[in-house]
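The chains referred to below are lettered A, B, ... by the order of the sequence lines, with proteins before strands, and numbering in each begins at 1.
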Number of protein chains: 2
Amino acid sequence: MIDNRLIERISVLGTERYAPKGTFLMRQGDHSDHFFLFRRGLAKAYYETIEGREFIKSFIRENECIASMQVIAAGNPSPFNLMTVEDSCILEIPGNTLTTVIEEEAHFSRALNSLLIQVAMKKEQREYELLCLSAEQRYSMLCTRDPELIRRLSQNDVARYLGITPVALSRIRNRARSKSLLNRERHNTNSPHKC
Amino acid sequence: MIDNRLIERISVLGTERYAPKGTFLMRQGDHSDHFFLFRRGLAKAYYETIEGREFIKSFIRENECIASMQVIAAGNPSPFNLMTVEDSCILEIPGNTLTTVIEEEAHFSRALNSLLIQVAMKKEQREYELLCLSAEQRYSMLCTRDPELIRRLSQNDVARYLGITPVALSRIRNRARSKSLLNRERHNTNSPHKC
DNA sequence: CATATCCGTTAACTTGGGTTAATGCCGAAG
DNA sequence: CTTCGGCATTAACCCAAGTTAACGGATATG
């Protein structure tokens, strides 16, 4: 996801860190402005309501990075939690280190540009899916686009990423199952069932 | 929304244009890579499904700008329509003009950075609302945050921005009305009814 | 081994939004 | 003036998802 040369450049600015599954790297309300680059593992960024409901913004994997725009750019407290869902290895860079480097070195600014554009495009896609697609459509799209992610996640977390409850996701999978069974009977195909 | 000095710098690159209400500035599927800066008026950026359903991504007002990331950064066709909903005055800049200027002049790159960060933060907020809030909560949040926008829009367009049908929005408003009536009777307040 | 915990599934019931259609209200065009 | 099209409202009906609860399987822990 992130340019290889950029990774090498950035590496010297931060420290590597091991975080077992379930570790909080950032907490909703924090002002910690760290920038995280994932070497290995998987984490979820999620909003938590006062009643304890959980909504997952995004997942971060190997060679992906995350920071809270709100914290870094606006100085607001982080609006979300960041927690590992697999044992992970992370490069952690203090926010101010990064911003000074970006201001001082032009090629970093250029690199940040393309990174931001990627982020914006991803967000645009996410907005599209949340706005225009039904939960079922979002699920089947995720299944085809990123089956590996689904394998690595619990169904609970998939559901909370899709914006529905685990019960609802179970029902959707059930419906899909009976639909594909029906199709198999009708057309007598024997394609193996996936997802 | 957009820095004043930046506006002046950019102005020389494009041409001003008048577009009456209902004009398409960009069409879903187009490869036109224009960058639009609004001087006056209001437009909606929206997705349209094959069945003709409409989902509004965002609105663009005075001193705000829009371009399709997909077109400019990835060369994809535009995923959305852009149509004025008020008579508007727009500064239109060809995409390649803008990109060459950004590559050649460092301060433009810097300015683009902060613009992209703003975009990303807005999208983050939108993602939060679509993911975590009910339609009713989204509506009341919009009412308090941006009452002016609601005044300028038809209820149809507000509904399609919230991701619901006009019928559903009418019901929500109805519920809110009877709720506030109830409260007025109970506490005998006489605050005027808004939105 | 027994126990506790977490996860996925299923059922029963509620609720919120979609769909369709009818109505009334403009404002624009003829 | 009349007519037409777009908009907001309301009603009736349907369906998808939320909520709660029960159950079974897997895994970890004593």
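- Atom CD1 in B:I172 sits about 14 Å away from atom C1' in D:dA8, given to the nearest Å.
- Contact between the side-chain N/O atoms of A:Q155 and the OP1/OP2 oxygens of C:dC6 is not found at any separation under 4.0 Å.
- The backbone N or O of A:P77 lies less than 3.5 Å from no partner atom in the side chain of A:Q70, so there is not a single donor-acceptor pair.
- Checking the phosphate oxygens (OP1, OP2) of C:dT10, a side-chain nitrogen or oxygen of A:N174 falls inside 4.0 Å.
- At a cut-off of 3.5 angstrom, the base of D:dG18 holds at least one donor-acceptor pair with the side chain of A:R171.
- The shortest distance between side-chain heavy atoms of A:L91 and A:I93 falls below 4.5 Å.
- In this structure, CD of B:E136 is placed 16 Å from P of D:dG18, rounded to the nearest angstrom.
- A cation-pi arrangement, defined by a distance under 6.0 Å to the six-membered ring centre and an angle within 45 degrees of its axis, is present between B:R126 and B:Y161.
- Closest approach of A:N96 and A:D33 over heavy atoms only: N-OD2, 3.6 Å.
- For B:Y47, the OH atom sits in a packed shell: over 12 heavy atoms of surrounding residues, nucleotides or ligands are nearer than 6.0 Å.
- Within the helix from C:dC1-D:dG30 to C:dG30-D:dC1, the inter-axis angle between the opening and closing five-pair segments is 30°, rounded to 10°.
- By the criterion of side-chain heavy atoms lying less than 4.5 angstrom apart, applied directly or through intervening Ile, Leu, Val, Met, Phe, Trp or Tyr residues, A:L149 is grouped together with A:Y46 in one hydrophobic cluster.
- Taking only side-chain nitrogens and oxygens, B:R53 comes nearer than 4.0 Å to OP1 or OP2 of C:dT19.
- A sub-4.0 Å separation between OP1 or OP2 of C:dT9 and a side-chain N or O of A:R173 is present.
- Within 4.0 Å of B:S154, counting heavy atoms only, lie sugar-phosphate atoms of the nucleic acid but no base atom.
- With rounding to whole Å, A:E54 atom CD is found 14 Å from C:dC7 atom C1'.
- A side-chain donor-acceptor contact under 3.5 Å links A:S11 and A:R39.
- Side-chain atoms of B:V167 lie closest to C:dA21 of the nucleotides C:dG8, C:dA21, C:dT10.
- One finds no side-chain N or O of A:N156 lying less than 4.0 angstrom from the OP1 or OP2 phosphate oxygen of C:dC6.
- Note: OH (A:Y139) to C1' (D:dA17) measures 16 Å, nearest angstrom.
- Annotation: side chain of B:M69 is in contact with side chain of B:L116 (closest heavy-atom distance under 4.5 Å).
- In this structure, the CG atom of B:L153 is 16 Å from the C1' atom of D:dG6, given to the nearest Å.
- When the P atom of D:dG6 is taken as reference, atom NZ of B:K21 falls 12 Å away, rounded to whole Å.
- Of all the heavy atoms in A:L25 and A:F36, the pair that sits closest is O-CZ, 3.5 Å.
- The backbone N or O of B:Q28 lies less than 3.5 Å from no partner atom in the side chain of B:S78, so there is not a single donor-acceptor pair.
- Closest contact between the side chain of A:R175 and the listed nucleotides C:dG16, D:dA16, C:dG8 involves D:dA16.
- Taking 4.5 Å as the limit, every side-chain heavy atom of B:M26 sits out of range of all side-chain heavy atoms of B:N81.
- In the region residues 158-165 of chain A, proximity to DNA chain D at under 4.0 angstrom, judged on heavy atoms, holds for A:G163, A:I164, A:T165.
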Atom pairs under 3.5 Å, N or O on each side, protein against nucleotides 23-26 of chain C: can you list them with distances?
none

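- No side-chain heavy atom of B:E127 sits less than 4.5 Å from a side-chain heavy atom of B:K122.
- Here B:R177 reaches the OP1 or OP2 of D:dT10: one of its side-chain N or O atoms lies under 4.0 Å away.
- Figure legend: cation-pi geometry between B:K44 and B:F59 absent, as NZ or CZ is not positioned both under 6.0 Å from the six-membered ring centre and within 45° of its axis.
- Rounded to an integer number of Å, the gap from CG of A:L169 to C1' of D:dT19 is 16 Å.
- The interatomic distance linking B:I150 (CD1) with D:dC7 (C1') rounds to 17 Å, in whole Å.
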